[in-house]
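Note that ligands are numbered from 1 as they come in the structure, with each ligand's atoms numbered from 1 the same way.
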Amino acid sequence: MITVLRIGHRPYRDMRITTHVCLVSRAFGASKVVVSTKDRNLEDSVNDVIRRFGGNFEILTGVDWKKYIRDFNGIKVHLTMYGIDMNDVMEKIPPDKDILIIVGSEKVPGIVYRMADYNVSVTNQPHSEVSSLAIFLDRYMKGKEFELRFNGTFRVLPSERGKNLKILNREECLKTLKMYVNDDYLIRHSLMVADLSLEIAKRIKNVSIDIPAVECGAILHDIGRSVDNTISHGITGAKILRKLGYPEEVVNIVKRHIGAGIDSEEARFLNLEENDLVPETIEEKIVCHADNLISCGKKINLNEVLEDYSKKGLKEQMKRLRELHDYLSTLVGEDIDNIKIKYERQNI
Ligand code: SAM
């Protein structure tokens with residue numbers, strides 16, 4: 001766990017730069033930032049970023065920094081232009097211990113140099129706490145910060161030109177669905193699948209779940225039916241969403257929601273355009289199965305779905321369906337058949 005301690009913050013003068021210290025900390029892999037001076041505005045603006053962009057990140061202000069450094073159980077690194085070259089220190093810092101990275105603002109009290117295990121410079125030239133922190137964290141993380149997933153409702157999709165920001169909340173996804181679908185029954189079904197998916201997701205405690213992707217994927221899972229009411233509507237929906245710039249985690253939920261998934265052999269037999277149609281991620285599995293359990297405007301149980309599959313002669317599918325149900329029920333800690341959702345939906 002990486003914690004960043006910002007000392008000497010002056011609320012009016014340093015608001016912007018301390019905010020940037022916090023944003024760099026969050027984006028580059030720290031899970032907590034501690035600021036010596038109490039500053040509610042700073043807390044609010046950082047918490048607002050966390051609320052929109054996600055991540056398990058915490059900000060604490062008004063902390064007794066001397067005590068915090070003294071009590072910290074881990075490696076203490078102070079970033080200063082007067083320290084030892086970062087290139088000569090990096091190898092010595094154990095990667096498996098908690099680390100506290102201290103950055104200053106104006107003049108840093110001498111005691112900080114003595115309390116730190118390492119005084120580290122990112123070149124011996126004066127620059128700033130933001131640049132030194134970013135470069136140190138990038139080296140410490142070995143570039144892995146690029147792989148971090150924050151699971152917020154705001155998703156930025158890489159774009160060669162211009163901005164592509166998608167908001168994965170109920171309102172925005174419903175807006176997208178209604179651009180394509182004007183069938184009240186389908187809209188109500190999509191909302192019920194979303195409700196059940198979220199009920200399943202919130203009961204799973206020990207697995208990290210991308211909740212906004214679950215909600216958005218559930219709301220949009222049948223968008224393909226606007227133009228394709230066949231078994232390939234998942235593939236069609238995925239294409240629509242990809243064109244609209246939705247992230248792949250949502251696109252794949254939609255693509256892999258048919259039945260209990262369609263394996264490559266079945267996909268070839270059915271002459272489908274794609275053959276990677278079995279739900280893989282936890283988010284894909286939740287939405288896929290929630291869709292199975294919502295039928296004709298109500299929640300049904302596993303046996304009812306199995307019966308339906310049996311009538312259609314879907315033997316292999318029955319096995320996969322049961323496995324999916326058992327897998328999710330184990331994660332939830334009880335049979336998913338016991339989960340209730342609101343049946344009546346108005347004001348859609
Ligand atoms: N005299 C200060 C010092 O100790 O580096 C410079 C103050 S600078 C305005 C504010 C903070 O930026 C410092 O407390 C330090 O954390 C960071 N900083 C600036 N230049 C740095 C460098 N070359 N290497 C590491 N940290 C640096």
Between Thr37 and His9, is there a donor-acceptor pair closer than 3.5 Å when you use the side chain of the first and the backbone of the second?
-> yes
Taking the side chain from Asp14 and the backbone from Ile17, do they hold a donor-acceptor pair closer than 3.5 Å?
-> no
So between Ile101, Thr80, Ile7, whose heavy atom ends up nearest atom 25 (C) of ligand 1?
-> Thr80
Nearest to atom 14 (O) of ligand 1 by heavy atom, Gly83, Ser121, Gly104: which?
-> Gly104
Angle class for the His325/His289 ring planes (parallel below 30°, perpendicular above 60°, tilted otherwise)?
-> perpendicular
For [X], take its heavy atoms, then give the atoms of ligand 1 lying under 4.0 Å from any of them.
| X | result |
| --- | --- |
| Val120 | 25 (C) |
| Ser132 | 17 (C), 18 (N), 25 (C), 26 (N), 27 (C) |
| Thr123 | 22 (C), 23 (N), 24 (N) |
| Val108 | 14 (O) |
| Tyr113 | 4 (O) |

Answer yes or no for Val130: is there a heavy-atom contact with ligand 1 below 4.0 Å?
-> no
Return the closest protein heavy atom for [atom] as residue, atom name and distance.
| atom | result |
| --- | --- |
| atom 6 (C) of ligand 1 | Met81 SD, 4.4 Å |
| atom 12 (O) of ligand 1 | Glu129 N, 3.0 Å |
| atom 20 (N) of ligand 1 | His127 N, 3.2 Å |
| atom 1 (N) of ligand 1 | Tyr82 CE1, 3.7 Å |
| atom 7 (C) of ligand 1 | Ser105 O, 3.4 Å |
| atom 24 (N) of ligand 1 | Val122 N, 2.9 Å |
| atom 23 (N) of ligand 1 | Gln125 O, 2.6 Å |

Should the pair Arg10-Glu106 be classified as a salt bridge under the 4.0 Å nitrogen-to-oxygen rule?
-> yes
Note: Glu172-Lys175 ion pair, threshold 4.0 Å (strictly below) = yes
Ser131, portion touching ligand 1 at heavy-atom distance under 4.0 Å | neither
Could you tell me whether Arg52 sits above the aromatic face of Phe154, with NZ or CZ closer than 6.0 angstrom to the six-membered ring centre and within 45 degrees of the axis?
-> yes
Is there a side-chain contact between Val4 and Cys22 (heavy atoms, below 4.5 Å)?
-> no
Quick one: does Phe28's side chain get under 4.5 Å of Leu133's, heavy atoms only?
-> no
Do we see a donor-acceptor contact under 3.5 Å between the side chains of Arg139 and Asn87?
-> yes
Exercise: do His233 and His257 side chains pair donor with acceptor under 3.5 Å = yes
Evaluate the criterion side chain to side chain donor-acceptor pair (under 3.5 Å) for residue pair Thr3 and Tyr68; output intermediate values, then yes/no.
-> CA-CA 11 Å; Thr3 304; Tyr68 199 88; 4.5 Å; no
Any N or O on Leu79 sitting closer than 3.5 Å to an N or O of ligand 1?
-> yes
